[in-house]
Every structure is written in structure tokens, then in C-alpha cells.
*Asks:* 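Please read through the structure below; I'll follow up with questions.
Per chain, numbering begins at 1; letters A, B, ... match sequence-line order.
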Amino acid sequence: MDEKSELLRKREEKMKALQDMGVELYPNDAKVTATTKSVIDRFGDMDNEDLTGIEEKFTLAGRLMAVRNFGKAAFVSIQDREGRIQGYIARDKVGKDAYSIFKKFDVGDIVFISGGLVKTKTGELTVDADNVRLLSKAIRPLPEKWHGLTDVEARYRQRPVDLIMNPGVKEVFYTRSRVIKLIRDFMQDRDFLEVETPMMHPMAGGAVARPFKTYHNTLDMDLYLRIAPELYLKRLIVGGLDRVFEINRNFRNEGVSTSHNPEFTMMEFYQAYATYEDLIVMTEEMITSVATEILGSLQIEYQGIKLDLARPWQRLTVKEAILKHSDATPDILEDQAKAAKYARVLGLAVEDDEPLGKIIVAIFEEVAEARLIQPTFVTSYPIEVSPLSRKSAGDGGFTDRFELYIYGRELANAFSELNDPEDQRNRFAMQLKEREAGDKEAHEMDEDYISALEYGMPPTAGEGIGIDRLVMLFTNSPSIRDVILFPHMRAKRDVRL
RNA sequence: GGGCCGUUAGCUCAGUUCGGUAGAGCAGUUGACUUUUAAUCAAUUGGUCACCGGUUCAAAUCCGGUACGGCCCA
């Protein structure tokens with residue numbers, strides 16, 4: 001049953017042959033002193049005359065990506081984390097024995113090469129090898145050199161191969177790392193403290209979403225992977241830390257799509273004595289400064305659409321966004337029955353007693369969300385969908401909250417925090433009623449959190465920014481799976497086993 | 001959840017309309033070749049056509065189902 005392909009069997013025969021020649025297949029004594037890029041940066045512009053004056057030897061290592069064989073000499077292409085460099089392996093130079101060992105190398109092997117530098121007659125900087133060695137034998141063959149690995153499913157399931165074959169993938173994750181560093185620096189420069197709060201919660205709170213459930217044996221209790229760190233970060237505000245942030249994973253037991261992964265990375269932060277309006281300004285500053293660093297411009301292109309990140313960004317209330325992008329009239333958004341009727345015309349499923357605020361948000365998502373292409377802060381969310389947000393001073397049916405949309409995708413969610421414990425208890429009670437009515441996403445009553453609020457939380461504003469979606473924007477990636485190294489896929493049953 | 005499309009050699013893909021011995025390029029193997037870069041030239045190996053079932057003298061191809069993936073919609 002364990003039929004190996006002929007390719008693999010041939011490789012194993014080669015490995016045996018190498019071992020018979022006394023070659024160690026996985027040695028660990030190589031000293032590497034240079035990278036492809038460092039060598040090319042320093043010497044790429046020199047001509048052969050300059051290069052012959054250089055006594056220095058260079059030792060590099062990397063994956064053998066191509067071999068062009070000429071009998072008693074060969075050109076090889078070696079790839080390390082920064083790029084590729086050509087090597088020239090001549091039998092006269094490396095010696096007869098080393099050369100016959102080299103002839104048993106395969107594309108895909110990890111190799112070591114050392115030597116001086118020359119320019120070939122086609123002008124390519126080349127390591128003129130005086131030594132070449134095997135560092136790790138590859139048993140499996142790499143994909144084809146020209147087309148590489150293009151099958152999307154194979155790329156996600158075999159990310160190592162994807163990273164070897166597709167240089168753009170590596171770029172995306174270098175950019176991702178830079179984006180996170182820039183955000184971390186931005187926050188720390190503003191005196192925010194980076195913290196880590198629990199990933200396992202006794203109760204899934206801080207967002208409206210379905211959780212993953214797990215179980216702790218010794219404590220004999222159910223735990224939930226967090227859907228948001230919000231309630232813990234706000235406890236730290238109660239504790240007087242005043243400015244905190246956390247960059248970490250959230251887990252939501254929901255659908256998978258080009259913009260949803262079950263686990264995703266969020267930067268969430270809380271600032272005492274600030275309002276959601278302060279956070280609008282801060283969000284603009286943060287994202288434009290990251291964009292300037294990463295892309296060098298605020299005029300960016302994403303999936304063929306030009307996006308103008310120049311400040312200030314558009315602001316619309318939820319209701320304004322609906323009126324702008326539909327034929328709804330203002331009176332429809334003031335009356336539950338009219339709103340329900342309008343929603344049903346749009347094809348939305350609405351209960352007869354559905355609260356007006358929920359209907360408004362459903363209409364917003366249907367008619368406006370996808371059309372918010374240029375950066376837009378949507379404000380004034382209904383209280384029914386904002387159980388943790390402060391009521392707006394003028395209108396108790398709405399809250400001091402915004403969501404940021406770019407390219408029709410939610411990138412951030414922020415609000416002035418509800419810090420009145422009694423109001424918070426009432427909001428949780430409202431949510432409980434929704435839950436009893438069948439809304440599995442509704443928030444639960446969290447007495448422990450309310451008791452924290454009862455110690456007094458300063459007026460505070462907080463925000464969560466979706467890091468994966470931000471990285472998608474800055475790397476022009478069409479799918480969230482392109483910016484997550486190991487995105488979740490359905491288990492593939494191998495029926496051959 | 002719904003619709004459409006895809007799954008054939010290690011990789012990239014033809015072949016499916018209209019059923020009749022499973023193909024190419026690259027990779028691999030053998031030979032030639034000391035400045036090539038998708039090296040070249042000659043020869044050559046390699047397949048559970050995703051899986052299960054049905055129709056048929058005969059199925060990669062037609063029909064039904066399943067799995068996985070992609071795109072669009074909700």
C-alpha cells in the first residue's frame with residue numbers, strides 16, 4: 001500500500017549512492033558568512049577586472065533551484081532568504097571527487113558553496129566555487145521551475161513549497177511583520193503599554209460572535225477561546241493602566257471566506273480620557289503613517305481600484321450611509337414597521353418584533369457596506385447592536401461608535417466605552433432577551449465584568465483593528481488566506497491510505 | 001446555506017463537445033557537452049484520469065452521489 005512514486009525511489013537510490021561515497025546527508029558544520037543579497041549589493045556593479053582584485057572568499061548556503069550541466073562544469077542557482085545567486089562549479093577547480101559527488105545533487109537540496117567572485121560573459125555575478133557541499137538532502141522534488149506551484153489549494157496546504165517557489169509570498173509576510181512592528185511602535189510612541197490577556201475565557205464576551213468551546217480537565221470547567229480581549233483590557237483601564245494595547249489572535253466560530261479566517265489577528269487598544277472622536281483622528285494617523293512607510297504613498301491601488309488614503313476620511317452615520325446608497329427615505333429609518341417592510345423588500349429575513357436598530361444595521365449591511373470603497377468612518381450605531389458602547393449624548397437610541405470601512409470591508413470598530421455599571425447591566429439584560437429569543441451571538445450577562453466597572457472606570461475609548469485585513473490592503477492580497485501563513489482548510493481525507 | 005466551475009504523471013496543462021488502447025512541456029533516468037541562465041542535442045521511465053456507484057460490448061469522457069478547492073450570491 002505504501003507505493004512510492006518512481007521519482008522518490010530514484011532519489012533514495014541516489015542518497016544511498018552518496019552515503020556509499022562517504023557523504024553525510026545532513027551535516028551541521030557549515031559556516032555561512034554571506035547572503036546572496038549582501039554579495040550582490042556589494043559587488044553586483046563591479047566588472048571582472050575589479051572582481052579579480054578581491055581576495056575575499058564568500059561562503060553561502062541555500063536551496064539549489066537550478067542546475068545547468070555541461071559535463072565537466074555546471075552553473076547552479078542558489079536561493080536563500082534574500083534572493084538567488086549563480087554559482088559556477090568546474091571539475092578542475094573543486095576536484096574530481098567533489099565534482100562526482102556534486103553530480104548526485106538534486107534541485108531542491110540545501111547546499112553550501114564557497115569561492116571567489118567572477119562576472120560571466122553575460123554579465124552575471126557568479127560565485128566561482130572552490131568548494132561545494134551537500135547540507136540537506138531533499139527527498140521530494142520541487143514543482144516545475146517555470147510555472148512553479150500555482151494551484152491555490154496546494155499553495156495553502158503546502159506553504160513551505162509555496163514559500164520556496166513563489167518569491168512574492170515571502171514578500172507578503174515580510175510586509176506583514178513590518179506592518180505589525182510599525183503599529184507597535186506607533187502605540188508605544190504614544191505611551192501605550194503592550195499587554196497579554198487570556199485567550200481562554202470562562203465566558204465568551206467582548207463581541208457579538210459565536211465562540212469555540214474547550215474544556216479544562218483539572219479545573220473541570222468549560223472554557224471558550226476568546227472572541228475579543230475587550231473586557232479584560234477594560235479591566236486594566238479600571239486598574240489604572242490608562243493606555244493599553246494587545247496584538248493577538250481572536251477566534252470566531254463562523255464562516256470562512258476571502259475576508260474571514262476562524263482565527264485572525266486584532267490590534268485592540270484602550271485609552272482613558274479619550275472619546276471615539278479622538279480615535280477617529282488616531283486611526284487616520286496610524287493607517288496613513290503605516291501606508292506611507294510601507295507603500296510610500298497615500299494613493300494606493302487595491303485589486304485594480306484606486307484608493308485615496310489622504311486625510312481627512314469621509315464620515316457618515318449609519319443612517320446617512322443608507323440614505324446615500326439606497327432609495328430609502330428618512331421616515332423609513334424612524335419607524336419599526338416601515339423599516340421591517342423595507343428590509344423584507346430587500347430580501348432580508350426580519351422578525352415582526354425585530355428591534356428597529358437591528359433592522360437598520362441589516363439594511364446598512366445590505367445596501368451600503370460593499371459600496372464604502374474609499375476610507376469611511378461610519379458612526380452612530382444603534383444601541384441594540386452595541387452592548388458595550390456609550391450612549392450618544394443627544395440620542396439614547398444610538399451610541400458613540402464608529403466602524404472604519406475601506407474597499408467595502410470593515411477594518412476597525414471603536415467606541416467610547418460604556419462605564420456606567422448600571423447601564424451595562426441593563427444592556428446585558430437586553431442581550432439576554434435577544435439570546436432567549438434565539439440570537440446565539442447575543443452577549444451573556446457578565447457579573448464579574450460589571451463588578452469591575454463598579455470600582456469605577458474612567459471615561460475611555462477603545463478600538464480594534466483587523467491586522468489581517470490591513471495587511472491585505474497593503475500587499476494587494478485578494479484573500480485573507482494570502483496573508484495568513486497557515487490558513488484553515490477542511491481536512492483532506494487521503495483515501496489512498 | 002445556494003448557484004456556477006474545477007480535480008488527469010512530482011509540477012503546469014491538453015484530451016470530456018460527439019464513449020473506442022491516456023498525451024505534451026518541465027522535472028526524473030541514460031548518453032554528449034567547461035560561460036549557461038526556461039542551457040542545448042539524442043534516447044527514455046513515469047498514470048487508482050479525486051473517490052463511490054450506475055449506464056454500456058466498451059467510461060478520463062455519459063448519469064447519480066461524495067470529498068476537497070475556486071469564484072459569485074446570501
Side-chain angles (χ1 to χ4, degrees), chain A residues 1-15 17 36 40 48 51 64-79 83-96 99 102-109 115 117-129 132 138-158 160-162 164-166 254-260 303 343-344 346-350 362-363 365-367 369-370 408 478-482 487-497:
Chain A
M1 62 172 253
D2 197 34
E3 278 291 311
K4 278 183 180 153
S5 73
E6 194 200 354
L7 237 55
L8 293 192
R9 274 189 283 109
K10 276 274 192 282
R11 286 257 171 136
E12 283 174 2
E13 282 167 24
K14 267 188 173 179
M15 291 167 70
T36 58
I40 291 165
N48 239 331
L51 289 171
L64 194 57
M65 296 303 287
V67 179
R68 294 179 286 279
N69 208 299
F70 288 84
K72 298 182 186 64
F75 290 94
V76 298
S77 182
I78 291 173
Q79 172 173 292
R84 287 188 186 187
I85 198 163
Q86 177 166 271
Y88 182 64
I89 321 284
R91 192 177 71 172
D92 291 347
K93 192 137 190 180
V94 299
K96 220 174 158 185
Y99 195 76
F102 161 74
K103 295 270 263 184
K104 294 250 181 291
F105 290 2
D106 288 299
V107 168
D109 289 352
L117 297 175
V118 294
K119 272 265 169 86
T120 63
K121 65 182 181 193
T122 53
E124 178 156 355
L125 187 68
T126 299
V127 179
D128 185 19
V132 63
I139 299 170
R140 293 180 184 270
L142 289 178
E144 196 220 358
K145 62 188 168 191
W146 191 240
H147 298 94
L149 186 70
T150 59
D151 181 82
V152 180
E153 182 178 357
R155 286 187 44 226
Y156 296 146
R157 289 190 195 273
Q158 296 287 356
V161 183
D162 188 29
I164 292 166
M165 299 307 296
N166 299 316
E254 293 165 1
V256 172
S257 77
T258 48
S259 51
H260 295 84
Q303 300 297 297
R344 289 198 182 102
L346 292 172
L348 301 170
V350 176
I363 294 172
E365 287 173 352
E366 174 68 20
V367 304
E369 206 174 84
S479 168
I480 198 168
R481 291 178 158 184
D482 296 322
H488 286 286
M489 312 277 282
R490 273 181 217 276
K492 192 155 197 177
R493 214 177 43 196
D494 192 349
V495 288
R496 292 192 187 192
L497 293 180

*Asks:* Does atom CZ of Arg140(A) have more than 12 heavy-atom neighbours, drawn from other residues, nucleotides or ligands, at distances under 6.0 Å?
*Replies:*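 Not more than 12 within 6.0 Å, no.
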
*Asks:* In whole angstrom, give the distance that lies between atom CD of Glu144(A) and atom C1' of rG28(B).
*Replies:*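 Rounded to whole Å, this separation is 13 Å.
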
*Asks:* Using side-chain contact (heavy atoms from CB on, under 4.5 Å), reason through Arg490(A) and Val256(A) one step at a time and then give a plain yes or no.
*Replies:* CA-CA 10 Å; Arg490(A) 273 181 217 276; Val256(A) 172; over 6 Å; no

*Asks:* Give none if rG10(B) has no partner; otherwise give the nucleotide forming a Watson-Crick or G-U wobble pair with it, both distances under 3.5 Å.
*Replies:* rC26(B)

*Asks:* Write down the distance separating the C1' atoms in rA24(B) and rG65(B), rounded off to the nearest Å.
*Replies:* 33 Å

*Asks:* Between rC26(B) and rC68(B), how many Å separate the two P atoms, rounded to a whole number?
*Replies:* 36 Å

*Asks:* When you compare rG1(B) with rU66(B), how far apart are their P atoms, in angstrom units rounded to a whole number?
*Replies:*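 So the two P atoms sit 13 Å from each other.
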
*Asks:* Would one find a side-chain N or O of Lys14(A) under 4.0 angstrom from OP1 or OP2 of rU29(B)?
*Replies:* yes

*Asks:* Is the shortest heavy-atom distance from the side chain of Asp106(A) to the side chain of Leu64(A) under 4.5 Å?
*Replies:* no

*Asks:* In whole Å, what is the span from the CD atom of Gln86(A) to the P atom of rA38(B)?
*Replies:*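 Whole-Å distance recorded here is 10 Å.
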
*Asks:* How would you list, by chain and number, every residue that makes a side chain to side chain donor-acceptor pair (under 3.5 Å) with Tyr88(A), sequence neighbours excluded?
*Replies:* none

*Asks:* Name the pairing partner of rU34(B), where a pair is Watson-Crick or G-U wobble with both distances under 3.5 Å, or state none.
*Replies:*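 Answer to the pairing question: none, since rU34(B) forms no Watson-Crick or G-U pair.
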
*Asks:* On a whole-Å scale, what distance lies between the P atoms belonging to rC71(B) and rU34(B)?
*Replies:* 50 Å

*Asks:* Can you identify which nucleotide, out of rA38(B), rU29(B), rC11(B), has its nearest atom closest to the Pro143(A) side chain?
*Replies:*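 Out of rA38(B), rU29(B), rC11(B), the nucleotide with an atom closest to Pro143(A)'s side chain is rC11(B).
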
*Asks:* For rU66(B), which nucleotide is its Watson-Crick or G-U wobble mate, given both distances must be under 3.5 Å?
*Replies:* rA50(B)

*Asks:* Using the C1' atom as the reference point in each nucleotide, state the distance between rA60(B) and rC13(B) in Å, no decimals.
*Replies:*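 About 15 Å, rounded to a whole number of Å.
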
*Asks:* Mind calculating the distance between NE2 (His147(A)) and C1' (rA9(B)) to the nearest angstrom?
*Replies:*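 Going from NE2 in His147(A) over to C1' in rA9(B) covers 16 Å.
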
*Asks:* Could you please name the partner base of rA60(B), counting Watson-Crick and G-U wobble pairs only when both distances are under 3.5 Å?
*Replies:*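 The answer is none; no pair meets the criterion.
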
*Asks:* For the pair made of NZ in Lys104(A) and P in rG28(B), what is the distance, rounded to whole Å?
*Replies:*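 Spelled out: NZ on Lys104(A) to P on rG28(B) is 13 Å.
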
*Asks:* Given the C1' atoms of rA67(B) and rC33(B), what is the spacing between them in whole Å?
*Replies:*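 That atom pair is separated by 50 Å.
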
*Asks:* List the steps, then state whether side-chain contact (heavy atoms from CB on, under 4.5 Å) holds for Thr36(A) with Arg84(A).
*Replies:* CA-CA 6 Å; Thr36(A) 58; Arg84(A) 287 188 186 187; 5.6 Å; no

*Asks:* How many Å lie between CG on Asp162(A) and P on rG10(B), as a whole number?
*Replies:*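 Roughly 20 Å, once rounded to whole Å.
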
*Asks:* Show your working on side-chain contact (heavy atoms from CB on, under 4.5 Å) between Leu348(A) and Glu365(A) and close with a plain yes or no.
*Replies:* CA-CA 11 Å; Leu348(A) 301 170; Glu365(A) 287 173 352; over 6 Å; no

*Asks:* Please state the C1' separation for the pair rA14(B) and rG6(B) - nearest whole angstrom.
*Replies:*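 15 Å, rounded to whole Å.
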
*Asks:* Please report the C-alpha distance between Ile164(A) and Met65(A) in whole Å, then the side-chain angles of each, then the deciding distance to 0.1 Å, and finally whether the side-chain contact (heavy atoms from CB on, under 4.5 Å) criterion is met.
*Replies:* CA-CA 9 Å; Ile164(A) 292 166; Met65(A) 296 303 287; 3.8 Å; yes

*Asks:* Lys10(A) near the nucleic acid: base, sugar-phosphate alone, or nothing, with a heavy-atom cut-off under 4.0 Å?
*Replies:* sugar-phosphate

*Asks:* Verify the contact: side-chain N or O of Arg68(A) to OP1 or OP2 of rU36(B), cut-off strictly under 4.0 Å; return yes or no.
*Replies:* no

*Asks:* Specify the separation, in whole Å, of atom CG of Leu142(A) and atom C1' of rA9(B).
*Replies:* 17 Å

*Asks:* Just name whichever nucleotide pairs with rC71(B), Watson-Crick or G-U, keeping both distances under 3.5 Å, else none.
*Replies:*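 Checking every strand shown, rC71(B) finds its partner in rG3(B), with both distances under 3.5 Å.
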
*Asks:* Please check the phosphate of rA27(B) (OP1 and OP2 only) for any side-chain N or O of Lys145(A) closer than 4.0 Å.
*Replies:* yes

*Asks:* Searching all strands shown, indicate the nucleotide that pairs with rU45(B) (Watson-Crick or G-U wobble; both distances under 3.5 Å).
*Replies:* none

*Asks:* What does Thr120(A) touch in the nucleic acid at a heavy-atom separation under 4.0 angstrom: a base, only the sugar-phosphate, or nothing?
*Replies:*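 Base, at least one base atom sits under 4.0 Å.
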
*Asks:* Taking the side chain as every heavy atom from C-beta outward, state whether Arg155(A) and Arg481(A) have any atom pair closer than 4.5 Å.
*Replies:*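 They are not in side-chain contact.
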
*Asks:* Please report, rounded to the nearest Å, how far the C1' atom of rA32(B) is from the CZ atom of Arg91(A).
*Replies:* 14 Å

*Asks:* Can you confirm whether Leu125(A) sits close enough to Leu51(A) that some side-chain heavy atom of one is under 4.5 Å from a side-chain heavy atom of the other?
*Replies:* yes

*Asks:* Please confirm whether any donor atom in the side chain of Tyr88(A) sits under 3.5 Å from an acceptor in the base of rU36(B), or the reverse.
*Replies:*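 A donor-acceptor contact between them is absent.
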
*Asks:* Using atom CZ of Arg84(A) as one end and atom C1' of rA38(B) as the other, report the distance to the nearest whole Å.
*Replies:*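 From Arg84(A) CZ to rA38(B) C1': 11 Å.
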
*Asks:* By a strict heavy-atom criterion of less than 4.0 Å, which residues belonging to residues 71-78 of chain A are in contact with RNA chain B?
*Replies:* Gly71(A), Lys72(A), Ala73(A), Phe75(A)

*Asks:* Aromatic rings Tyr99(A) and Phe102(A): how do their planes relate, parallel, tilted or perpendicular, breaks at 30° and 60°?
*Replies:* tilted

*Asks:* Do you know which two heavy atoms are closest between Ala138(A) and Gly108(A), and how far apart they sit?
*Replies:*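 Scanning both residues, the minimum pair turns out to be CB-O, 3.4 Å.
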
*Asks:* Mind checking the P distance from rG25(B) to rC51(B)? Whole angstroms is fine.
*Replies:*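 Result for the P pair: 25 Å, nearest Å.
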
*Asks:* Which letters describe nucleotides 69-74 of chain B, given B = protein heavy atom under 4.0 Å from base, S = only from sugar-phosphate, - = neither?
*Replies:* SSS--S

*Asks:* Under 4.5 Å between any side-chain heavy atoms of Phe105(A) and Val132(A), yes or no?
*Replies:* yes

*Asks:* Starting at the 5' end of RNA chain B and moving along, which residue's nearest nucleotide shows up first, Leu149(A) or Asp128(A)?
*Replies:*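 Residue closer to the 5' terminus by nearest nucleotide: Leu149(A).
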
*Asks:* Could you say whether Lys103(A) or Asp106(A) is positioned toward the 5' end of RNA chain B, judged by the nucleotide with the nearest heavy atom to each?
*Replies:* Asp106(A)

*Asks:* From the set rG28(B), rA39(B), rU45(B), return the single nucleotide nearest to any side-chain atom of Phe70(A).
*Replies:*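 It is rA39(B).
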
